[in-house]
A.B. asks: 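The structure that follows is given in the form of structure tokens.
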Amino acid sequence: QVLLVESGGGLVQAGGSLRLSCVASGITFSKFPAGWLRPAPGKGRELVAVISSSGSDIEYRDFVKGRFTISRDNAKSTMYLQMNNLKTEDTAGYYCAADHYMVVVTSTLNLEYWGQGTQVTGSS
């Protein structure tokens with residue numbers, strides 16, 4: 001059974017920071033590109049950050065560049081999202097996902113593996 005389990009969400013004041021984690025089991029995580037996604041108004045969920053299987057290639061949506069940092073530790077089958085300078089508009093459920101191919105503009109409709117999400121709420 002493949003599981004992706006997110007943690008680290010919470011309530012934080014605007015300008016604050018959170019670190020999300022995603023632990024994978026049931027797959028050889030190091031073989032999969034992975035990413036973090038959240039709902040986008042009128043678009044369903046969209047990827048906001050993607051990292052290659054080795055961690056050498058990273059992409060971000062423009063609206064999180066400079067604020068969010070994606071990383072992974074394949075030895076721990078874990079991916080992270082460091083969220084700094086959070087804004088109220090970052091409030092959302094954040095989900096991690098993995099698939100055989102993923103770039104930041106990949107449609108999220110048919111991603112092969114994803115978790116249940118963790119809620120991030122930025123307060124003003």
Side-chain angles (χ1 to χ4, degrees):
Q1 181 185 8
V2 177
L3 286 176
L4 298 179
V5 180
E6 303 94 336
S7 62
L11 174 66
V12 62
Q13 283 193 323
S17 298
L18 281 176
R19 188 193 196 202
L20 307 184
S21 298
C22 170
V23 180
S25 60
I27 57 172
T28 304
F29 186 61
S30 61
K31 292 185 177 181
F32 291 85
W36 291 92
L37 50 151
R38 75 184 195 191
K43 300 180 183 179
R45 293 171 184 160
E46 65 179 359
L47 287 159
V48 299
V50 172
I51 188 166
S52 63
S53 57
S54 67
S56 60
D57 295 306
I58 288 172
E59 293 181 279
Y60 299 99
R61 293 280 184 177
D62 285 346
F63 52 81
V64 302
K65 279 182 182 177
R67 301 188 299 121
F68 291 8
T69 302
I70 189 171
S71 61
R72 67 192 294 162
D73 183 342
N74 284 337
K76 297 181 179 180
S77 296
T78 301
M79 179 175 64
Y80 306 97
L81 186 68
Q82 178 68 41
M83 311 168 72
N84 295 331
N85 191 21
L86 276 162
K87 303 178 179 180
T88 55
E89 52 263 43
D90 293 320
T91 295
Y94 284 75
Y95 302 79
C96 65
D99 207 333
H100 297 281
Y101 174 79
M102 188 184 296
V103 293
V104 77
V105 295
T106 296
S107 169
T108 62
L109 291 177
N110 297 304
L111 291 174
E112 184 151 6
Y113 306 115
W114 51 338
Q116 295 300 306
T118 185
Q119 179 67 31
V120 171
T121 302
S123 65
S124 57

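All heavy atoms count here, side chains included; hydrogens, waters and symmetry mates do not. Each residue takes its place number in the sequence, starting with 1.
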A.B. asks: Which disulfide bond (SG atoms under 2.5 Å apart) pairs, counting each pair once, include a residue from residues 37-90, with sequence neighbours left out?
C.D. replies: none
A.B. asks: Using modelled atom types and a 3.5 Å cut-off, is there a donor and acceptor pairing between side-chain atoms of Glu6 and backbone atoms of Gln116?
C.D. replies: yes
A.B. asks: Distance-only, no hydrogens or angles: does the Gln82 side chain make a donor-acceptor pair with backbone N or O of Arg19 under 3.5 Å?
C.D. replies: no
A.B. asks: More than 12 heavy atoms of other residues, nucleotides or ligands under 6.0 Å from CD of Gln13: is that the case?
C.D. replies: no
A.B. asks: Measure the OG-CG distance between Ser17 and Asn85 for me, rounded to the nearest 0.5 Å.
C.D. replies: 8.0 Å
A.B. asks: Name every donor-acceptor pair, under 3.5 Å, that has one atom in a side chain of residues 23-39 and the other anywhere in the protein, sequence neighbours excluded.
C.D. replies:
{"from": "Trp36", "atom 1": "NE1", "to": "Tyr80", "atom 2": "O", "distance (Å)": "3.2"}
{"from": "Arg38", "atom 1": "NH1", "to": "Asp90", "atom 2": "OD1", "distance (Å)": "3.0"}
{"from": "Arg38", "atom 1": "NH1", "to": "Tyr94", "atom 2": "OH", "distance (Å)": "2.7"}

A.B. asks: Any side-chain to backbone donor/acceptor pair from Asp99 onto Glu112? Under 3.5 Å, distance only.
C.D. replies: yes
A.B. asks: In residues 52-61, what donor-acceptor pairs under 3.5 Å come from side-chain atoms, sequence neighbours left out?
C.D. replies:
{"from": "Ser52", "atom 1": "OG", "to": "Gly55", "atom 2": "N", "distance (Å)": "3.3"}
{"from": "Ser52", "atom 1": "OG", "to": "Ser56", "atom 2": "N", "distance (Å)": "3.2"}
{"from": "Ser52", "atom 1": "OG", "to": "Asp57", "atom 2": "N", "distance (Å)": "3.0"}
{"from": "Ser52", "atom 1": "OG", "to": "Asp57", "atom 2": "O", "distance (Å)": "3.4"}
{"from": "Ser54", "atom 1": "OG", "to": "Ser56", "atom 2": "N", "distance (Å)": "3.3"}
{"from": "Ser54", "atom 1": "OG", "to": "Ser56", "atom 2": "OG", "distance (Å)": "2.9"}
{"from": "Glu59", "atom 1": "OE1", "to": "Val104", "atom 2": "N", "distance (Å)": "3.1"}
{"from": "Tyr60", "atom 1": "OH", "to": "Ile70", "atom 2": "N", "distance (Å)": "2.9"}
{"from": "Arg61", "atom 1": "NE", "to": "Leu47", "atom 2": "O", "distance (Å)": "2.8"}
{"from": "Arg61", "atom 1": "NH2", "to": "Val104", "atom 2": "O", "distance (Å)": "3.0"}

A.B. asks: Sequence neighbours left out, what pairs pass disulfide bond (SG atoms under 2.5 Å apart) with at least one residue falling in residues 41-88?
C.D. replies: none
A.B. asks: State yes or no: do Leu81 and Val5 share one hydrophobic cluster built from I, L, V, M, F, W and Y residues joined by side-chain heavy-atom distances below 4.5 Å, directly or via other members?
C.D. replies: no
A.B. asks: Surrounding CD of Gln119 (heavy atoms of other residues, nucleotides or ligands, distance under 6.0 Å), is the total greater than 12?
C.D. replies: yes
A.B. asks: For residues 64-124, which residue pairs qualify under disulfide bond (SG atoms under 2.5 Å apart), counting only residues two or more places apart or in two chains?
C.D. replies: Cys22-Cys96
A.B. asks: What residue pairs, at least two apart or across chains, pass disulfide bond (SG atoms under 2.5 Å apart) with a residue in residues 47-88?
C.D. replies: none
